[in-house]
Amino acid sequence: MRRVRKTGGLAARLEAWFAEVKRPMPWRLEPAPYACWLSEIMMQQTTYASVLPYYTRFLKRFPTVAALAAADEADVLKAWEGLGYYARARNLLKAAKMIAAGGWPHSAAAWAAVPGVGPYTAAALASVLDGERIPVVDGNVARVFARYWKLDDDFRKLPARARLAERLRGEIAAAAVPGDFNQAMMELGALVCTPTNPDCAACPLRVACAARRDGTQGDYPVKAAKKELPVRRVAAVVVTDAKGRVLLVQNRAGGLLKGLWELPAVEPSVAHVQVFSHFRLELTTSRAVRADAEFRDPRKVPLATATRKVLAACGLL
DNA sequence: AATCCGGGGAT
DNA sequence: ATCCCAGGATT
């Protein structure tokens, strides 16, 4: 028998909903390669509210990919200061040089060759900029469809995301505008199908959502075991000169927060004890600060956030 | 396949 | 305190 075509499949419901409620993000106004690419990189593991001021400032500071390609890495990091995951900024500059020389990619496969662009970002850019019919899977999409189809996978793992993407190929096939379909899935996860207290009453997919049907929305996505984080204790010193410059060290390749400046760390070491007539002096010595420490104007070099907070508390920023 | 990489906001 | 976020690179 022939199945009657539903008046509004998954793609149609998503796109119709998206057209009504989408947030007016600046790069959505008139999608351009540079703006969209920058926004995607900034939005990796970072919320819209956090990104927005950085995005605006960055575009003003580096208006075109050519301007970015000509920039110094320290200046790019300064513009990225506080946003986190600084490899994104270093890759952005590396990629800008490639794009300025070779032009913009026009497929997901070509985008995937760009530094800092992985499976998610490649699919997002190719679908939005060139209409490629390729689904994205990010944390939002994983959560939405873990509930919609009651999937037990751990979607932090790449293979699970790839399997979901494969499944979504069948859905994006029916999309009117692939880029809108992709953004709709993500917008739904961000605004309605949220990690806690999803607003199922407002969801365009509620009539077909398996978890909603069973009342088990809260059980998805399946959460993996939590891992204990290592603790790093660091003693730092603040040394200033008469000009208000601060003694800082720049993190080198291979370390944490590469390229950013931090306060010199001190290794607590041997305690020297001396007994005077009226008090006992306990002197904790330490190694001298690193030989490569320099006095720098803390407003002019990219600082790690912890360092910035300490300096602000000391009235040095 | 695991691990590393930041920081902020929500609960 | 813990989880989550428009993930990707490295090992």
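Convention: sequence-line order gives letters A, B, ...; per-chain numbering from 1.
Residue contacts shown for A:L256 are limited to sugar-phosphate atoms, with no base heavy atom under 4.0 Å away. Residue contacts shown for A:M185 are absent, as no nucleic acid heavy atom lies under 4.0 Å away. When heavy atoms are screened at a 4.0 angstrom cut-off, A:R156 is found touching no nucleic acid atom at all. Looking at heavy-atom distances under 4.0 Å, A:Y86 makes contact with sugar-phosphate atoms alone, never a base. Using a 4.0 Å heavy-atom distance criterion, A:S39 is classed as making no nucleic acid contact. Within the nucleic acid shown, A:W80 has no heavy atom closer than 4.0 Å to any nucleic acid atom. Contacts of A:K223 with the nucleic acid, taken as non-hydrogen atoms under 4.0 Å apart, are absent.
Looking only at distances, a side-chain donor or acceptor of A:K78 sits under 3.5 Å from a matching main-chain atom of A:V301. Proximity of a side-chain donor or acceptor of A:R133 to a complementary backbone N or O of A:I172 within less than 3.5 Å is detected.
The CZ atom of A:F62 sits 7.5 Å away from atom OH of A:Y34, with the distance rounded to the nearest 0.5 Å. For the atom pair A:C203 SG and A:R13 CZ, the distance stands at 9.5 Å (nearest 0.5 Å). To the nearest 0.5 Å, atoms CG (A:D153) and CG (A:L164) are separated by 8.0 Å.
Taking atom P on both C:dG8 and B:dG9, the two are 23 Å apart, rounded to the nearest angstrom. The gap from the P atom of C:dT11 to that of B:dG6 amounts to 15 Å, rounded to the nearest Å. Taking atom P on both B:dT3 and C:dA6, the two are 24 Å apart, rounded to the nearest angstrom.
As rounded to whole Å, 13 Å separates atom C1' of C:dC5 from atom CG of A:L191. When the P atom of C:dC5 is taken as reference, atom OH of A:Y85 falls 12 Å away, rounded to whole Å. Taking atom OH of A:Y54 as the reference point, atom C1' of B:dG7 lies 8 Å away to the nearest angstrom. When rounded to the nearest whole Å, the span between OH of A:Y120 and P of C:dA6 equals 9 Å. For the pair A:M186 CE and C:dA6 C1', the interatomic distance rounds to 5 Å; values are reported in whole Å. The CZ atom of A:R88 sits 10 Å away from the C1' atom of C:dC5 (whole-angstrom rounding).
Using cut-offs of 30° and 60° for the angle between ring planes, the A:Y148 and A:F145 rings count as perpendicular.
The pair A:E166-A:R169 counts as a salt bridge, with a side-chain nitrogen and a carboxylate oxygen less than 4.0 angstrom apart. Looking at A:D241 and A:K243, no side-chain N of the basic residue comes within less than 4.0 Å of a carboxylate O on the acidic one, giving no salt bridge.
The side chain to side chain donor-acceptor pair (under 3.5 Å) contacts involving residues 176-193 of chain A comprise A:R23-A:E187, A:R28-A:Q183, A:R28-A:E187, A:S127-A:N182, where partners must be two or more places apart or lie in separate chains. The side chain to side chain donor-acceptor pair (under 3.5 Å) analysis of residues 49-76 of chain A, with sequence neighbours excluded, yields the pairs A:T47-A:S50. The side chain to side chain donor-acceptor pair (under 3.5 Å) contacts involving residues 97-110 of chain A comprise A:H106-A:D130, where partners must be two or more places apart or lie in separate chains.
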Are any protein N/O atoms closer than 3.5 Å to N/O atoms in nucleotides 8-11 of chain B? If there are, list each pair with its distance.
from, atom 1, to, atom 2, distance (Å)
B:dG8, OP2, A:K309, NZ, 3.2

Are any protein N/O atoms closer than 3.5 Å to N/O atoms in nucleotides 9-11 of chain C? If there are, list each pair with its distance.
from, atom 1, to, atom 2, distance (Å)
C:dA9, OP1, A:G116, N, 2.7

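The nucleotide whose nearest atom lies closest to any side-chain atom of A:P195 is, among C:dG7, C:dA6, C:dC4, C:dC4.
Between A:Q45 and C:dG7, a side-chain N or O to OP1/OP2 separation shorter than 4.0 Å is present.
Non-hydrogen atoms lying under 4.0 Å from DNA chain B are contributed by A:P159, all within residues 159-173 of chain A.
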Pair A:L151, A:Y220 - check side chain to side chain contact (heavy atoms under 4.5 Å, CB included), show working. CA-CA 8 Å; A:L151 305 176; A:Y220 297 89; 5.9 Å; no
Mind running side chain to side chain contact (heavy atoms under 4.5 Å, CB included) on A:L248 and A:L303 for me, showing each step along the way? CA-CA 9 Å; A:L248 297 168; A:L303 303 173; 4.0 Å; yes
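Of the two residues contacting DNA chain B, namely A:K157 and A:G84, the nearest-nucleotide position lying further toward the 5' end is that of A:K157.
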